[in-house]
Amino acid sequence: MRQPPAASASPSGDGGVDPARALPVTFYARDVVAVARDLLGCLLVSCIDGETAAGIIVETEAYGGPDDPASHAAFRRNGTVAAMWGPPGRAYVYLAYGVYPCLNVVTGPAGTAAAVLLRAADPLLGRAAMAARRGAAPGRRLASGPGRLAVAFGITLTDNGRPLEAPPLWIEPGVPPDRIVTGPRIGVRRGEPRPWRFGIAAHPALSRPFPPAAERG
DNA sequence: GAACCGATTGCCT
DNA sequence: GGCAATCGGTTCG
């Protein structure tokens with residue numbers, strides 16, 4: 001499987017990315033599970049600190065509103081989580097274990113408090129900048145994991161609530177994947193398990209392999 | 001105002 | 001494979 005041509009051979013000066021192509025708010029204003037699946041193959045772009053970083057989204061997780069015990073919105077409404085309760089198409093950034101920022105995309109009508117966690121991306125542009133931010137060699141784990149992804153793209157808590165339709169942070173349409181795998185969300189302990197983790201089948205940039213049972217699905 | 005928890009990661013054994 | 005690091009928000013006293 002070759003790299004999708006989403007960011008190749010463009011007259012744009014940034015190696016092919018173009019904020020004019022950013023997904024409209026209507027894309028996000030849908031069911032959180034649908035958005036989570038449709039984001040696979042799309043191009044995440046950030047222009048932060050003078051560095052352009054872009055990568056294909058290869059893994060996502062859907063988190064519902066108050067009805068989803070695993071969601072931050074289940075028992076919280078104020079603070080950073082307030083972004084989840086806001087309008088769709090905006091970023092919800094939280095700090096995992098006080099260490100790593102994690103980037104979510106708010107979905108559904110305002111007040112739904114649902115969001116999609118971006119768990120992994122396949123670096124396409126700005127690998128050097130990603131590696132520098134990660135403090136790692138430009139190898140294969142630059143953005144494979146929610147914390148790694150956010151750090152690689154320069155995302156911090158200050159980006160919480162930021163609209164995702166214009167610089168410095170936006171998402172462009174990409175090539176829909178041939179096969180999508182499904183599995184239980186990672187690290188979730190509360191409530192009944194939901195198969196709301198989605199990934200591009202057998203993609204090398206996945207944060208972790210999917211359970212065999214999901215591969216057959 | 002203090003204690004506790006968490007949608008993680010990297011380093012240690 | 002196991003566990004410490006680290007911080008914002010919520011909960012409890």
Side-chain angles (χ1 to χ4, degrees), chain A residues 28 31-37 39-40 44 53 55 57-86 88 90-108 112-123 130-162 164 169 171 181-200 204-211 214:
Chain A
Y28 303 101
D31 175 72
V32 64
V33 171
V35 176
R37 295 178 63 99
L39 277 175
L40 295 176
L44 174 66
I57 299 172
V58 301
E59 183 181 340
T60 62
E61 275 180 3
Y63 285 87
D67 59 311
D68 183 0
S71 173
H72 288 173
F75 298 105
R76 306 178 192 190
R77 188 159 191 141
N78 302 313
T80 52
V81 193
M84 272 189 86
W85 294 85
R90 299 197 179 190
Y92 162 50
V93 182
Y94 72 92
L95 206 57
Y97 296 91
V99 184
Y100 298 98
C102 295
L103 175 62
N104 297 253
V105 174
V106 179
T107 70
T112 306
V116 175
L117 171 67
L118 304 186
R119 286 194 56 90
D122 185 11
M130 293 186 188
R133 288 170 176 147
R134 291 279 329 285
R140 336 180 273 287
R141 295 285 164 88
L142 282 183
S144 295
R148 292 165 176 163
L149 183 150
V151 171
F153 281 83
I155 307 297
T156 65
L157 280 182
T158 61
D159 295 304
N160 191 33
R162 185 190 295 287
L164 294 172
L169 190 61
I171 301 177
V181 286
T182 305
R185 295 173 293 184
I186 292 178
V188 170
R189 307 176 66 153
R190 300 188 63 88
E192 293 299 309
R194 300 185 185 187
W196 280 7
R197 178 186 176 216
F198 306 99
I200 297 179
L206 292 175
S207 67
R208 297 172 57 176
F210 278 72

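Residue numbering restarts at 1 for every chain, and letters A, B, ... go by the order of the sequence lines.
With centroids closer than 5.5 Å and planes inclined by less than 30 degrees as the test, A:Tyr94 and the base of B:dA7 fail to qualify as a stacked pair. A distance cut-off of 5.5 Å between ring centres, combined with a plane angle under 30°, leaves A:Tyr100 outside any stacking arrangement with the base of B:dT8.
Rounded to whole Å, atom C1' of B:dG6 lies 5 Å from atom OH of A:Tyr97. What separates CG of A:Leu157 from P of C:dG9 is a distance of 8 Å, to the nearest Å. Between the CZ atom of A:Arg185 and the P atom of B:dT8 there is a distance of 12 Å, given to the nearest Å. Regarding A:Ile155, its CD1 atom lies at a distance of 15 Å from the P atom of B:dT9, rounded to whole Å. Atom-to-atom, CZ of A:Arg190 to P of B:dC5 comes out at 11 Å; the value is rounded to the nearest Å. Atom CG in A:Asn104 sits roughly 13 Å away from atom C1' in B:dT8 (whole-Å rounding). Summarising the geometry, the separation between CE on A:Met84 and P on C:dG9 is reported as 15 Å, rounded to the nearest angstrom. Distance A:Leu142 CG to B:dT9 P: 13 Å, rounded to the nearest Å.
Between A:Leu118 atom CG and A:Leu39 atom CG the span is 6.5 Å, to the nearest 0.5 Å. Taken to the nearest 0.5 Å, the OG1 atom of A:Thr107 stands 14.5 Å off from the CZ atom of A:Arg90.
Of the candidate nucleotides C:dA5, B:dA7, B:dT9, B:dA7 has the atom lying nearest to any side-chain atom of A:His72.
B:dC4 and C:dA4 are spaced 16 Å apart, taking the P atom of each and rounding to whole Å. For B:dG10 and C:dG8, the C1' atoms lie 22 Å apart once the distance is rounded to whole Å.
Within 4.0 Å (heavy atoms only), A:Leu117 reaches at least one base atom of the nucleic acid. Residue contacts shown for A:Arg119 are limited to sugar-phosphate atoms, with no base heavy atom under 4.0 Å away. Using a 4.0 Å heavy-atom distance criterion, A:Asn78 is classed as a sugar-phosphate-only contact. Counting non-hydrogen atoms under 4.0 angstrom, A:Arg76 reaches the backbone sugars and phosphates but no base. Within the nucleic acid shown, A:Arg134 comes within 4.0 Å of sugar-phosphate atoms alone, with no base atom in reach, counting heavy atoms only.
Comparing A:Ala96 and A:Val81 by the nucleotide of DNA chain C that holds the closest heavy atom to each, the one mapping nearer the 5' end is A:Ala96. Nearest-nucleotide assignment on DNA chain B puts the 5′-proximal partner with A:Tyr92, out of A:Tyr92 and A:Arg148. In this structure, A:Leu95 and A:Ser144 both approach DNA chain B, and ranking their closest nucleotides by distance from the 5' end singles out A:Leu95.
Between A:Leu103 and A:Leu44, the closest side-chain pair of non-hydrogen atoms falls below 4.5 Å. Considering only heavy atoms from C-beta on, A:Tyr28 comes within 4.5 Å of A:Ile171 through its side chain. Two residues are said to be in side-chain contact when any heavy atoms from C-beta on lie closer than 4.5 Å; A:Thr182 and A:Phe210 fail this criterion.
Contact annotation: A:Arg77 side-chain N/O to C:dG9 OP1/OP2 distance is not under 4.0 Å.
The two atoms that bring A:Ala205 and A:Ser144 nearest to each other are O-OG, 2.6 Å, heavy atoms only.
Using N1 to N3 plus N6-O4 or O6-N4 for Watson-Crick, or N1-O2 and O6-N3 for G-U wobble, each under 3.5 Å, C:dT6 pairs with nothing.
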